[in-house]
Amino acid sequence: MKMENLPVNSLSLDFLTEFLISLEKLENDRGCRGVILTSGAPKIFSAGLDIMEMYGKSAEHYAEFWKAVQEMWLRLYQSNMVTIAAINGSSPAGGCLMAMCCDYRIMAENPKYSIGLNETQLGIVAPFWFKDTMVNTIGNRATERSLELGLLYSPPEAHKIGLVDQLVPEEKIQSMAAAVMSQWLAIPDHARQITKSMMRKPTVDRLLTHRESDIQNFVSFITKDSIQKSLQMYMEMLKQRKG
């Protein structure tokens with residue numbers, strides 16, 4: 001499954017909707033037991049949530065957008081398929097979340113690439129379920145430091161803390177993902193699926209229980225003048241970089 005929302009695979013409402021439809025089709029295809037998630041954009045896996053979806057819109061739009069982000073996480077994190085992230089570019093914020101949802105993460109060994117939840121650098125707080133996903137991946141202390149400082153890790157640093165499982169030269173990422181997939185598919189599906197569900201259910205249940213309040217929290221946070229100003233400043237900075 002190759003993400004192609006150029007230039008940076010930002011998670012817009014349209015992209016998330018298409019992603020969910022594609023994932024559901026694969027889930028319903030009995031012949032499909034696994035999916036390799038990768039990027040068709042050069043140098044980037046996914047830049048994360050689309051800032052344009054969070055700036056200058058209505059409260060109703062923000063609620064719809066956030067529900068789609070939740071849905072993406074719920075579907076990918078609970079998927080019955082074997083999910084492997086072939087991270088062939090940088091993967092900040094929501095891109096890192098997508099990768100962490102997968103069963104196994106392979107990252108291209110390129111010093112220009114980075115991965116992490118860097119929300120605090122933008123003046124935004126990562127929601128509790130982003131935090132829970134990271135704690136489940138790299139442990140409590142490493143998550144606390146990562147989230148408070150909004151750290152983006154180089155591939156060797158990400159591998160060292162367990163944020164990614166394996167580093168490979170960029171040209172070998174797809175062949176390695178296929179080799180790892182065959183290893184995972186050698187396990188009987190029902191045993192693997194039940195084990196995955198057992199490991200992840202408490203984290204999933206926590207969001208399902210607080211889903212509406214999480215949407216409301218997001219809407220009230222993102223509509224604050226100070227946050228809208230932060231986002232505006234960030235977008236202006238990005239424009240200057242491009243210019």
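Fair warning: this is a prediction, and the values are worked out from it, not measured in the lab. All values below come from the heavy atoms of this structure, side chains included, with hydrogens, waters and symmetry mates left out.
- Under the 4.5 Å side-chain criterion, counting only non-hydrogen atoms from C-beta, Leu97 is in contact with Thr133.
- At least one side-chain heavy atom of Met3 sits under 4.5 Å from a side-chain heavy atom of Leu37.
- In this structure, Trp66 has its ring center under 6.0 Å from that of Trp129.
- The number of heavy-atom neighbours closer than 6.0 Å to NZ of Lys67, taken from other residues, nucleotides and ligands shown, is 12 or below.
- Arg192 and Asp189 are joined by a salt bridge, as a carboxylate oxygen and a charged side-chain nitrogen come within less than 4.0 angstrom of each other.
- Considering every non-hydrogen atom in both Ser146 and Ile138, the closest pair reads OG-CD1, 3.9 Å.
- Using a 4.5 Å heavy-atom threshold, the side chains of Phe128 and Thr203 count as separate.
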* Hey, mind stepping through Ile51 and Met54 against side-chain contact (heavy atoms from CB on, under 4.5 Å) and telling me if it holds? -> CA-CA 5 Å; Ile51 286 179; Met54 299 186 275; 4.2 Å; yes

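- Phe15 and Tyr77 fall within the same hydrophobic cluster, where Ile, Leu, Val, Met, Phe, Trp and Tyr residues are linked whenever their side-chain heavy atoms come under 4.5 Å apart, directly or through other members.
- Met181 and Leu23 fall into different hydrophobic clusters, where Ile, Leu, Val, Met, Phe, Trp and Tyr side chains are chained together by heavy-atom contacts under 4.5 Å.
- If you check the side chains of Glu53 and His61, you find a donor sitting under 3.5 Å from an acceptor.
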* To do: Applying salt bridge (charged side-chain N to carboxylate O under 4.0 Å, His left out), run through Arg211 and Glu71 and close with a yes or a no.
  => CA-CA 10 Å; Arg211 193 166 185 184; Glu71 196 62 33; 2.9 Å; yes

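- Side chains of Glu157 and Ser154: a donor-acceptor N/O pair is present below 3.5 angstrom, by distance only.
- A donor-acceptor pair is defined here as one N or O able to donate and one able to accept, closer than 3.5 Å; such a pair exists between the side chain of Thr120 and the backbone of Gly150.
- The closest side-chain donor-acceptor pair between Trp184 and Asp103, if any, does not fall under 3.5 angstrom.
- Between the side chains of Asn88 and Glu170, not a single donor N or O lies within less than 3.5 Å of an accepting N or O.
- For the atom pair Met52 CE and Leu13 CG, the distance stands at 13.5 Å (nearest 0.5 Å).
- Taking all atoms of both residues into account, the shortest heavy-atom contact from Gly123 to Phe221 is O-CZ, 3.7 Å.
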* To do: Starting from the C-alpha separation in whole Å, work towards a yes-or-no answer on salt bridge (charged side-chain N to carboxylate O under 4.0 Å, His left out) for Glu144 and Arg141.
  => CA-CA 5 Å; Glu144 187 174 43; Arg141 175 63 190 133; 3.1 Å; yes

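- Met72 is connected to Phe45 through a chain of hydrophobic side-chain contacts under 4.5 Å among Ile, Leu, Val, Met, Phe, Trp and Tyr, so both are in one cluster.
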* To do: Go through the steps for Glu119 and Phe130 under the test side-chain contact (heavy atoms from CB on, under 4.5 Å), then give the verdict.
  => CA-CA 10 Å; Glu119 279 79 355; Phe130 283 50; 3.6 Å; yes

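- Rounding to the nearest 0.5 angstrom, the gap separating the CE atom in Met134 from the CG atom in Leu117 is 4.0 Å.
- A distance of 7.5 Å separates CD1 of Ile36 from CD1 of Ile106, quoted to the nearest 0.5 Å.
- Residues Val204 and Leu74 have side chains in contact (heavy-atom distance under 4.5 Å, counting atoms from C-beta outward).
- Rounding to the nearest 0.5 Å gives a distance of 9.5 Å between OG of Ser91 and CG of Asn9.
- With rounding to the nearest 0.5 Å, the separation of CE in Met100 from CG in Asp132 is 10.0 Å.
- Contact check for Thr83 versus Cys101: no side-chain heavy atoms found under the 4.5 Å cut-off.
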* Walk me through it: do Val69 and Phe65 pass the test side-chain contact (heavy atoms from CB on, under 4.5 Å)? => CA-CA 6 Å; Val69 178; Phe65 172 64; 3.9 Å; yes

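- For the residue pair Gln228 and Ile222, the shortest heavy atom distance occurs at NE2-O, 2.7 Å.
- Heavy-atom contacts from other residues, nucleotides or ligands closer than 6.0 Å to CG of Asp225 number 12 or fewer.
- Side chains of Arg200 and Gln78: no donor on one and acceptor on the other come within 3.5 Å.
- Looking at Pro127 and Asp214, their side chains come closer than 4.5 Å, going by heavy atoms from C-beta outward.
- Smallest separation of non-hydrogen atoms from Ala177 and Ala86: CB-CB, 4.4 Å.
- No path of Ile, Leu, Val, Met, Phe, Trp and Tyr side chains, each step under 4.5 Å between heavy atoms, connects Val164 with Ile173, placing them in separate hydrophobic clusters.
- Side-chain contact between Ile115 and Pro92 is absent, with no heavy atoms from C-beta onward closer than 4.5 Å.
- Residues Gly162 and Thr137 share a closest heavy-atom pair of O-CG2, 3.7 Å.
- Remark: Asp14 engages no residue in a salt bridge (Lys or Arg N to Asp or Glu O under 4.0 Å) (not counting sequence neighbours).
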* To do: Kindly indicate, with the supporting measurements, whether the criterion side chain to side chain donor-acceptor pair (under 3.5 Å) is fulfilled by Asn80 and Glu27.
  => CA-CA 7 Å; Asn80 273 327; Glu27 290 275 5; 4.7 Å; no

* Just do the side-chain contact (heavy atoms from CB on, under 4.5 Å) check on Arg75 and Glu24 with the steps written out, would you? => CA-CA 8 Å; Arg75 297 277 186 88; Glu24 194 168 0; 3.6 Å; yes

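- Looking at every heavy atom in both residues, Ser46 comes nearest to Leu11 through OG-CD2, 3.7 Å.
- Cluster annotation: Ile84 and Leu76 are assigned to distinct hydrophobic clusters (Ile/Leu/Val/Met/Phe/Trp/Tyr, side-chain heavy-atom contacts under 4.5 Å, transitive).
- Residue Ser220 holds its OG atom at 10.5 Å from CD1 of Ile227, rounded to the nearest 0.5 Å.
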